[in-house]
Amino acid sequence: MSKEQKSNEWDSLWQEYTKSLENWKTLFEQVQKANNDMQTKFNEVWEKASKESSLETMKSFGENWQNAISDAGMKSFKEFSDAWQKALNETGTDAFKKFAENWQKNLMGSGMEQMEAYGDMMKKFAETWTTMWPKSQ
């Protein structure tokens, strides 16, 4: 193989790599934006629910959400259960707000596995919400 062919191979491989890197960066930025949008809406829903719902309703919702997570075969999140119990034992709507903020921060802390788990838990949140407060037909 000539020096020129090797150089062309290298250039081609490098171009493919940089294109893949650019695609990854674009996708990563889209995921970040979608995550931020979802977190903003989750926080709005959560704040409204915690202000307008009774402690019993919030307790029931938390139990249903935890059951949905368990039923889906997802890993058990001890921090989630502990934080939820702490929120139930505190008074005021700030306890639920702190729960949501801390739980999201902990779960989104690192890695794709956590991001996937976070997405799964948010999906179970939506499914549980829908079963408790179905849309009026």
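Start at 1 with the first residue, then count along the sequence.
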Practice problem: For the pair K51 and E47, find out whether any cationic side-chain nitrogen is under 4.0 Å from an anionic carboxylate oxygen. | Solution: yes
Quiz item: K19: what forms a side chain to side chain donor-acceptor pair (under 3.5 Å) with it, not counting sequence neighbours?
Solution: none
Exercise. Look at the side chain of S12 and the backbone N and O of N8, then say whether any donor-acceptor pair between them is shorter than 3.5 Å.
Key: no
Quiz item: Is the shortest heavy-atom distance from the side chain of V45 to the side chain of F125 under 4.5 Å?
Solution: yes
Practice problem: Working to the nearest 0.5 Å, report the span between CD of E127 and CG of N64. | Solution: 12.5 Å
Quiz item: Of the non-hydrogen atoms in F99 and A87, which two are nearest, and what is the gap between them?
Solution: CB-CB, 3.9 Å
Exercise. Output the distance between atom CG (D11) and atom CD (E16), rounded to the nearest 0.5 Å.
Key: 11.5 Å
Quiz prompt | With K59 via side chain to side chain donor-acceptor pair (under 3.5 Å) - residues at least two apart | solution = none
Quiz item: Mind checking whether W24 and F28 have parallel, tilted or perpendicular rings, split at 30° and 60°?
Solution: parallel
Quiz item: Within the distance-only criterion (no hydrogens, no angle test), does the side chain of T131 pair as donor or acceptor with the backbone N or O of T128 below 3.5 angstrom?
Solution: yes
Quiz item: Are the side chains of Q39 and N35 in touch, meaning some heavy atoms are under 4.5 Å apart?
Solution: yes
Exercise. Compare every heavy atom of F42 with every heavy atom of M122, then report the nearest pair and how far apart it is.
Key: CE-CD1, 3.0 Å
Exercise. For the residue pair T26 and Q30, establish whether any side-chain heavy-atom pair is separated by less than 4.5 Å.
Key: yes
Exercise. Give, for atom OG1 of T130 and atom CE of M132, the distance between the pair rounded to the nearest 0.5 Å.
Key: 11.5 Å
Practice problem: Walk me through it: do W65 and K124 pass the test side-chain contact (heavy atoms from CB on, under 4.5 Å)? | Solution: CA-CA 7 Å; W65 189 12; K124 290 302 171 190; 3.9 Å; yes
Practice problem: Check whether more than 12 heavy atoms from other residues, nucleotides or ligands sit under 6.0 Å from atom CD of E4, and answer yes or no. | Solution: no
Exercise. Could you tell me whether the side chain of W46 and the main chain of F96 form a donor-acceptor pair under 3.5 Å?
Key: yes
Exercise. Could you tell me whether the side chain of Q5 reaches within less than 4.5 Å of the side chain of S2, counting heavy atoms only?
Key: yes
Self-check item: Audit row: S50, K97, side-chain contact (heavy atoms from CB on, under 4.5 Å) steps and yes/no
Solution: CA-CA 8 Å; S50 63; K97 185 177 181 179; 5.7 Å; no
Quiz item: Please walk me through it: do T57 and S54 pass side-chain hydrogen bond (donor to acceptor under 3.5 Å, both in side chains)?
Solution: CA-CA 5 Å; T57 299; S54 70; 3.0 Å; yes
Quiz item: Partners of D37 by side chain to side chain donor-acceptor pair (under 3.5 Å), sequence neighbours excluded?
Solution: K33
Quiz item: Donor-acceptor pair, S60 side chain versus E56 backbone, under 3.5 Å?
Solution: no
Quiz item: Parallel under 30°, tilted from 30 to 60°, perpendicular over 60°: which one fits the rings of W14 and Y17?
Solution: tilted
